[in-house]
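Shown next, in structure tokens, is the structure this report addresses.
Both ligands and their constituent atoms are indexed starting at 1 by order of listing. Positions are given from 1 along the sequence. As the structure is a prediction and not an experimental result, all values here were calculated from the model.
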Amino acid sequence: MRVLVTGGAGYIGSHTVANLISHGHEVTVLDDLSRGHQGALQSFPSAVLEVGPVADERRVSEILSNRKIDAVIHFAASSLVGESTADPLLYYRNNVAGTQSLLGAMVESGVTSLIFSSSAAVYGEPATVPIDEASPIRPTNPYGETKAAIERMLYWVHQAHGLNSVSLRYFNAAGAHPDWPIGEDHQPETHLIPCVLKAALEGRPVSVFGIDYPTPDGTTVRDYIHVVDLAEAHRLALEWLFMHPGAHAFNLGNGQGFSIREVIQTAQTVVGREIATIESARRRGDPAVLKASVNKARADLGWSPQWSDLTTILQTAWNWHRRHPHGYGNG
Ligand SMILES: NC(=O)c1ccc[n+]([C@@H]2O[C@H](COP(=O)([O-])OP(=O)(O)OC[C@H]3O[C@@H](n4cnc5c(N)ncnc54)[C@H](O)[C@@H]3O)[C@@H](O)[C@H]2O)c1
């Protein structure tokens, strides 16, 4: 299959490029490199990189037809919750309007299959845990709102134009590729696991926000899914979508929750040194527990996470961080 991967120079995108190529698919990446890294694609010379924004509808149409694209996997987005609250219009522009342009180009070019990076953020504060796909969609920040708006757009574009899609609602992506030199390098980094490991590497303390939650050790509990398992789910979803037209949504997590303290304790074992903590107040809007039900992805896609136990996640992430203390550098 010939696949266009938007945001393919980013964290999850580059791991998905690795997966697609290893399964014989032809990959074109469209990335404006605003947050991604050319270095993330260095190991995959067969992947063609087009540098530019998804909002350039004419250029995307040309790429779709010149490269005879069969399907699109759409990672390109702004995805910092705090930034989205400070500048919601940036998020509507880059995420919602950007996706609108991409879909316009797909409709015009007759490309009818899309896998979309949605997020657990569409659920907001969940009524029940584990969270399944039928849980109410009520985001609590502009980032989650844009993901929910795009899911609705995909529903209507399916109704009107027969464009088929799978929205994958990831919980917390983590870990790094065991075989290729690719890993997590966000600027700024806001995710717990890279923050903990970078703190270990640099010998500084890590902040723990809130120690009085109604959880066994008082810290928040989150569901971490290995990025290699996520990448595999994209390929499976793509193949599944060709047999199942519609506008679908699946959760992707590992179905288990780990508290911040558990993550830090396991990280200490993996890195072999103590990691100091600074206990701070709760952050507004941080729910106590977010945990996915992933029965639907397991049953329908035949997806079965292989890398998502906490030690493996931390070990692969640590291997990446200690070999790349400055991430991809300037590349
Ligand atoms: N990392 C997570 O835990 C997580 C969780 C839930 C959802 N997601 C979603 O998954 C997707 C990928 O996340 P990630 O962690 O790999 O992020 P990332 O920032 O590493 O990757 C995003 C990529 O998209 C590119 N990009 C951004 N806007 C663009 C535009 N307008 N045109 C072209 N390229 C553009 C960036 O340069 C970057 O390479 C995002 O849509 C994010 O919202 C991530």
Using a 4.0 Å heavy-atom cut-off, say whether L33 meets ligand 1 through its side chain, its backbone, both or neither.
backbone

Counting only heavy atoms closer than 4.0 Å, does ligand 1 sit against the backbone of E184, its side chain, both, or neither?
neither

Less than 3.5 Å between some nitrogen or oxygen of [X] and one of ligand 1, yes or no?
| X | answer |
| --- | --- |
| G10 | yes |
| D31 | yes |
| G36 | yes |
| H37 | no |
| D32 | yes |
| A76 | no |

Quick one: nearest non-hydrogen protein atom to [atom], plus distance?
| atom | result |
| --- | --- |
| atom 6 (C) of ligand 1 | Y170 CD1, 3.6 Å |
| atom 32 (N) of ligand 1 | V54 N, 3.1 Å |
| atom 17 (O) of ligand 1 | H186 NE2, 3.6 Å |
| atom 40 (C) of ligand 1 | F75 O, 3.2 Å |
| atom 3 (O) of ligand 1 | A173 N, 3.0 Å |
| atom 20 (O) of ligand 1 | Y11 N, 2.9 Å |

Please walk me through it: do T219 and F209 pass side-chain contact (heavy atoms from CB on, under 4.5 Å)?
CA-CA 8 Å; T219 64; F209 296 101; over 6 Å; no

Heavy-atom count around W307 CH2 within 6.0 Å, excluding the residue itself: above 12?
no

Look at atom CZ of R58 and say whether more than 12 heavy atoms of other residues, nucleotides or ligands are closer to it than 6.0 Å.
no

Using the rule ring-ring contact (aromatic ring centres under 6.0 Å, His included), only one of W240, F116, Y170, W303 pairs with F250; which is it?
W240

Smallest heavy-atom separation, V51 atom then R59 atom, equals O-NH1, 2.7 Å

Of all the heavy-atom pairs spanning E151 and V122, show the shortest one and how long it is.
OE2-CG1, 4.2 Å

Run the contact test for [X] against ligand 1 with a 4.0 Å cut-off on heavy atoms, strictly below, and give the result.
| X | value |
| --- | --- |
| R169 | no |
| G52 | yes |
| A9 | yes |
| A55 | no |
| N94 | yes |

Proximal ligand 1 atoms for [X], defined as those under 4.0 Å from one of its heavy atoms:
| X | result |
| --- | --- |
| S117 | 9 (C), 10 (O), 11 (C), 41 (O) |
| P53 | 32 (N), 33 (C) |
| F171 | 3 (O), 5 (C), 6 (C) |
| S119 | 6 (C), 7 (C) |
| Y143 | 6 (C), 7 (C), 8 (N), 9 (C), 42 (C), 43 (O) |

Kindly say whether the aromatic ring centers of W320 and Y11 come within a distance under 6.0 Å.
no

Is the shortest distance from a Lys or Arg side-chain nitrogen in K198 or E202 to a carboxylate oxygen in the other one below 4.0 Å?
no

Taking NZ, NE, NH1 and NH2 as the nitrogens, is one of them in R282 or D212 under 4.0 Å from a carboxylate oxygen of the other?
yes

Test item: side-chain donor near acceptor, [X] and [Y], under 3.5 Å:
| X | Y | answer |
| --- | --- | --- |
| N251 | Y123 | yes |
| H234 | E232 | no |
| S113 | N164 | no |
| T220 | D286 | no |

Judged by atom type as modelled, is there a donor-acceptor pair below 3.5 Å linking the side chain of H326 to the main-chain atoms of G329?
no

Option with minimal heavy-atom separation from atom 44 (C) of ligand 1, where the choices are I12, L168, T6, V60:
I12

Determine, considering heavy atoms only, which of S79, S118, A40 sits nearest to atom 7 (C) of ligand 1.
S118

Let me know which of T311, N319, T312 forms a side chain to side chain donor-acceptor pair (under 3.5 Å) with Q315.
N319

